[in-house]
Protein chains: 2
Amino acid sequence: MRMSDGVEWALHVAAVLAVVPPDKGLTAAKLSEFHGVPGAYLAKHLQALTRAGVFEAVPGRNGGYRLARAAKDITVLDVVEAVDGRARAFTCSEIRQRGPAAGPKSDYRGVCGIARVMYDAEEAYRDTLRNVTIEDLLSSFVKHATTGTQVRSATWLQKELSS
Amino acid sequence: MRMSDGVEWALHVAAVLAVVPPDKGLTAAKLSEFHGVPGAYLAKHLQALTRAGVFEAVPGRNGGYRLARAAKDITVLDVVEAVDGRARAFTCSEIRQRGPAAGPKSDYRGVCGIARVMYDAEEAYRDTLRNVTIEDLLSSFVKHATTGTQVRSATWLQKELSS
DNA sequence: AGAAAAGTGGACAATAGATATCCGGATAGG
DNA sequence: CCTATCCGGATATCTATTGTCCACTTTTCT
């Protein structure tokens with residue numbers, strides 16, 4: 001089970017957009033340059049994030065992307081689900097209803113016990129991500145990154161911010 | 001992010017093997033028949049489970065598979081990791097070290113804050129699976145399945161148990 | 001001893017999904 | 001009108017999953 005790289009990109013992008021003033025934006029091209037990832041493919045994910053209502057896109061000249069709401073109101077789960085989808089990782093194919101010991105369909109009302117456990121685990125996973133916001137990610141960066149990295153990031157951002 | 005179907009198969013197989021007496025076994029062919037899944041492919045997963053020390057394989061005539069230890073001592077996580085591997089779903093590609101704002105490698109000692117959150121979530125996922133045993137799965141089946149299903153399963157098992 | 005049944009592991013093909021690019025269309029600003 | 005930007009579809013490529021097959025070894029039954 002492997003998670004799409006797009007999720008990692010999206011979270012980094014969200015963290016960067018969190019320090020962009022609400023009236024400004026960053027283009028897909030600038031975001032891909034800053035993170036060193038393929039622009040055309042990142043754009044796909046940015047569109048998904050916009051559709052999900054996590055980012056906001058400003059079309060036209062001087063357009064770009066920004067957060068759709070305050071960084072403290074966007075959870076990591078919001079971003080993950082926007083990129084990776086809301087489908088469960090574990091899909092129950094109702095094995096219990098197959099084979100020689102299977103009975104009539106009415107015998108299988110509730111969720112299969114095995115699926116139940118897997119769903120619970122995924123819910124625990126989501127709970128963790130739901131309790132961390134983009135603002136938290138930013139705090140972590142400010143707390144742990146070297147001063148040099150923070151200065152370089154801020155400088156680049158100042159230079160590239162669109163109107 | 002989608003989990004391999006093999007995990008579902010393996011958990012169902014483990015639940016069935018949990019009711020097989022310790023001195024008996026079930027062949028890969030019988031297990032695939034009982035669950036209505038492709039035999040050759042299930043065999044691959046059974047081998048992985050054996051390598052991981054979750055199942056025990058008895059080669060030769062009258063051979064088959066059985067649990068390597070008591071059902072209460074095998075967790076769902078054991079089975080999931082045996083089939084799906086122990087690799088993390090989220091892989092950090094150190095995006096922070098790329099792009100125009102990147103600094104020298106020594107600037108990035110600890111784990112990236114974003115990766116940290118994703119790792120924590122996966123640990124919460126694993127914690128859930130670690131706290132459910134194969135015996136628990138069996139209890140759930142006994143508690144929730146209809147009597148008819150349980151009788152049909154037991155009957156089939158009686159008939160097919162190898163010596 | 002010989003035959004049959006079973007797991008092992010490698011090679012291989014088919015399929016699906018993730019990754020990545022490109023282009024025409026819509027939209028907004030100069 | 002022209003340019004920069006986002007949008008969405010079509011398409012190509014790569015990789016992992018899924019699935020099959022076969023030769024090989026081990027064990028047991030006759």
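A, B, ... follow the sequence lines: proteins, then strands. Residue 1 opens every chain. Excluded from the calculations below are hydrogen atoms, water molecules and symmetry mates; all remaining heavy atoms, backbone and side chain alike, are included.
- One finds a side-chain N or O of B:Arg2 lying less than 4.0 angstrom from the OP1 or OP2 phosphate oxygen of D:dT18.
- Going from atom NE2 of A:His45 over to atom P of C:dT21 covers 12 Å, rounded to whole Å.
- We find that CZ of A:Arg51 is positioned 9 Å from P of D:dC7, with the value rounded to whole Å.
- Atom CG in A:Leu17 sits about 11 Å away from atom P in D:dC6, given to the nearest Å.
- Figure legend: A:Arg88 and A:Tyr119 shown as a cation-pi pair, the cationic atom lying under 6.0 angstrom from the six-membered ring centre and within 45 degrees of its axis.
- Nearest nucleotide to the B:Thr50 side chain, out of D:dT26, C:dT8, C:dA18: C:dT8.
- As a whole-Å value, the separation of A:Leu46 CG from D:dT5 P is 14 Å.
- When the C1' atom of D:dT5 is taken as reference, atom CG of A:Leu31 falls 13 Å away, rounded to whole Å.
- Contact annotation for A:Ala29: no contact, since no heavy-atom pair falls under 4.0 Å across all strands.
- Comment: B:Arg2 does not engage A:Asp84 in a salt bridge, judged by the lack of any side-chain N to carboxylate O separation of less than 4.0 angstrom.
- Backbone-only engagement by A:Ala57 is indicated by non-hydrogen atom pairs under 4.0 Å involving sugar-phosphate atoms exclusively.
- Regarding B:Gln47, its CD atom lies at a distance of 11 Å from the C1' atom of C:dA6, rounded to whole Å.
- Donor-acceptor pairing under 3.5 Å is recorded for the side chains of A:Thr146 and B:Asp107.
- Between A:Glu123 and A:Arg130, at least one side-chain N (NZ, or NE/NH1/NH2) sits under 4.0 Å from a carboxylate O, which counts as a salt bridge.
- Taking side-chain N and O atoms only, B:Ser4 has a distance below 4.0 Å to OP1 or OP2 of D:dT18.
- For the pair A:Phe34 and A:Ser153, the minimum side-chain heavy-atom distance is below 4.5 Å.
- Residue-to-nucleotide proximity on DNA chain D shows that, of A:Ala28 and B:Val58, the 5′-proximal contact is made by A:Ala28.
- Below the 3.5 angstrom threshold, one finds a donor paired with an acceptor across the side chain of A:Lys44 and the base of D:dG9.
- Taking atom CZ of residue A:Arg61 and atom C1' of nucleotide C:dA26, one finds them 17 Å apart after rounding to whole Å.
- Between D:dC29 and B:Asn62, a contact under 4.0 Å exists linking OP1 or OP2 to a side-chain N or O.
- In this structure, CE of B:Met1 is placed 13 Å from P of C:dT19, rounded to the nearest angstrom.
- When the nearest nucleotides of DNA chain D are assigned to A:Ala43 and B:Asp84 by heavy-atom distance, the more 5′-ward of the two goes with A:Ala43.
- Contact check, B:Tyr65 against C:dT8: a side-chain N or O comes under 4.0 Å of OP1 or OP2.
- Between B:Thr27 and the phosphate of C:dG7, there is no side-chain N or O to OP1/OP2 separation shorter than 4.0 Å.
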